[in-house]
Amino acid sequence: MSPYDPSAFPPFAVTVDLVVLTVRHHALCALAVRRGEPPYQGRWALPGGFVRADEDLSQAAARELAEETGLRAQSGAHLEQLATYGDPHRDPRMRVVSVAHLVLAPDLPAPRAGGDARSARWAPVGSLLEQDGFDSSGEPAPLAFDHARILSDGVERARSKIEYSSLATAFCPPEFTVGELRRVYEAVWGVALDPRNFHRKVTGTVGFLVPTGGTTTRQGGRPAQLFQAGGAALLNPPMLRPEV
């Protein structure tokens, strides 16, 4: 067997891109940063950047999130690898392979731009995917690189996973009401759900929700029972997404 020759293979870089989703004002929102440097200077993009030689992928993802937005990974947030994107022409600088990560968390604070990001904001995913960005001349432009595809994949992953898992509780505070959980499903799926039917399903699924014994009036009206996420990872039966 011939010896391995590293020089026989062209070098390429590895980046991490972050699809950070939260529910703000009853809408599913994604974190977007306006690029302050070429390529695509002035365009909106997902937060992310190059993986350093001494980092693993999760460390790089956490660092980029903090540097570009001022947000720190929270213990209550859900983080998972989403997919790998390696089109040879996805980055005009050089051959770059990106390992995208999906982050789901309760209502997060306003981001603070930093690193090579000129500004950062939470934006409804619909507006980002409908090319609600602008280039340097003020003309509408899609997200930079292939980030529209990455964002679309992340949103679909979230929408599908809350059907059969308890992942929707990652968008909620530690204690929440059934009504607050229902609004998460409505925001992620983009549909209205029947309150009574939803209440029956989620409280009847073993291990999904656990009563805390407390109540709250933060939604107005009569006191509502508080719950926390149960130990069930999978829902049986699943919460099937209504057909639109």
Side-chain angles (χ1 to χ4, degrees), residues 2 4-22 28-69 71 73 79-104 111 113-161:
S2 60
Y4 170 69
D5 180 11
S7 65
F9 303 93
F12 63 90
V14 178
T15 61
V16 290
D17 287 309
L18 305 175
V19 179
V20 186
L21 301 178
T22 194
L28 182 64
C29 295
L31 188 59
V33 297
R34 190 185 291 276
R35 291 185 55 79
E37 300 176 358
Y40 304 110
Q41 185 172 3
R43 293 263 289 274
W44 290 100
L46 298 176
F50 289 93
V51 178
R52 296 174 178 170
D54 60 345
E55 291 178 317
D56 63 25
L57 295 173
S58 60
Q59 290 173 333
R63 175 182 54 78
E64 285 292 339
L65 182 65
E67 285 182 357
E68 294 202 9
T69 68
L71 299 176
L79 171 66
E80 66 177 71
Q81 284 192 21
L82 173 63
T84 302
Y85 301 84
D87 187 291
H89 308 292
R90 62 178 304 273
D91 192 314
R93 294 169 291 189
M94 63 179 296
R95 179 71 191 273
V96 175
V97 173
S98 180
V99 182
H101 290 67
L102 176 64
V103 181
L104 308 179
D116 60 358
R118 184 166 39 171
S119 59
R121 65 167 180 162
W122 292 108
V125 295
S127 66
L128 290 173
L129 293 175
E130 291 169 1
Q131 301 187 358
D132 187 33
F134 298 89
D135 61 20
S136 58
S137 64
E139 294 298 318
L143 291 172
F145 304 103
D146 53 357
H147 288 185
R149 176 190 173 191
I150 297 175
L151 175 58
S152 180
D153 289 348
V155 170
E156 181 54 36
R157 171 76 65 85
R159 286 173 173 167
S160 63
K161 289 198 75 168

Just so I know, are the side chains of [X] and [Y] near enough to count as touching, which here means a heavy-atom distance under 4.5 Å?
| X | Y | answer |
| --- | --- | --- |
| Trp122 | Thr22 | yes |
| Arg90 | Ser98 | yes |
| Val16 | Leu57 | yes |
| Arg52 | Arg63 | yes |

Could you work out, with salt bridge (charged side-chain N to carboxylate O under 4.0 Å, His left out) as the rule, every residue matching Arg159, not counting sequence neighbours?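 Partners of Arg159 under the salt bridge (charged side-chain N to carboxylate O under 4.0 Å, His left out) test: none.
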Find the distance between [atom1] ([X]) and [atom2] ([Y]) and round it off to the nearest 0.5 Å.
| X | Y | atom1 | atom2 | value |
| --- | --- | --- | --- | --- |
| Arg157 | Glu80 | CZ | CD | 5.0 Å |
| Leu82 | Glu156 | CG | CD | 11.0 Å |
| Glu64 | Glu55 | CD | CD | 8.0 Å |
| His101 | Ser58 | NE2 | OG | 6.5 Å |
| Leu46 | Leu31 | CG | CG | 8.5 Å |
| Lys161 | Leu104 | NZ | CG | 8.5 Å |

Which residues satisfy the side-chain contact (heavy atoms from CB on, under 4.5 Å) test with [X], sequence neighbours excluded?
| X | answer |
| --- | --- |
| Ala66 | Arg72 |
| Arg149 | Tyr85, Asp153 |
| Ser152 | Leu129 |
| Val103 | Val20, Ala77, Leu79 |

For the residue pair [X] and [Y], what are the closest heavy atoms and their distance?
| X | Y | answer |
| --- | --- | --- |
| Ala158 | Leu21 | CB-CD1, 4.0 Å |
| Met94 | Ala13 | CE-N, 3.8 Å |
| His147 | Ala45 | ND1-CB, 3.5 Å |
| Leu151 | Ala30 | CD1-CB, 3.8 Å |
| Asp91 | Pro39 | OD1-CG, 4.4 Å |
| Leu128 | Ala123 | CG-CB, 3.8 Å |

Are Arg43 and Leu143 close enough, and set up right, to give a side chain to side chain contact (heavy atoms under 4.5 Å, CB included), and what steps lead you there? CA-CA 7 Å; Arg43 293 263 289 274; Leu143 291 172; over 6 Å; no
Begin with the C-alpha distance, continue with both residues' side-chain angles, and end with the deciding distance and a verdict on side chain to side chain contact (heavy atoms under 4.5 Å, CB included) for Thr15 and Val51. CA-CA 5 Å; Thr15 61; Val51 178; 5.6 Å; no
Listed partners of Tyr40 passing ring pair (Phe, Tyr, Trp, His ring centres under 6.0 Å), at least two apart: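 Only Phe145 meet the ring pair (Phe, Tyr, Trp, His ring centres under 6.0 Å) criterion with Tyr40.
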When you measure from the side chain of Arg35 to the backbone of Trp44, do you find a donor-acceptor pair of N or O atoms at a distance under 3.5 Å?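 No.
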Should the heavy atoms of other residues, nucleotides or ligands under 6.0 Å from CZ of Phe12 be counted, would the total exceed 12? no
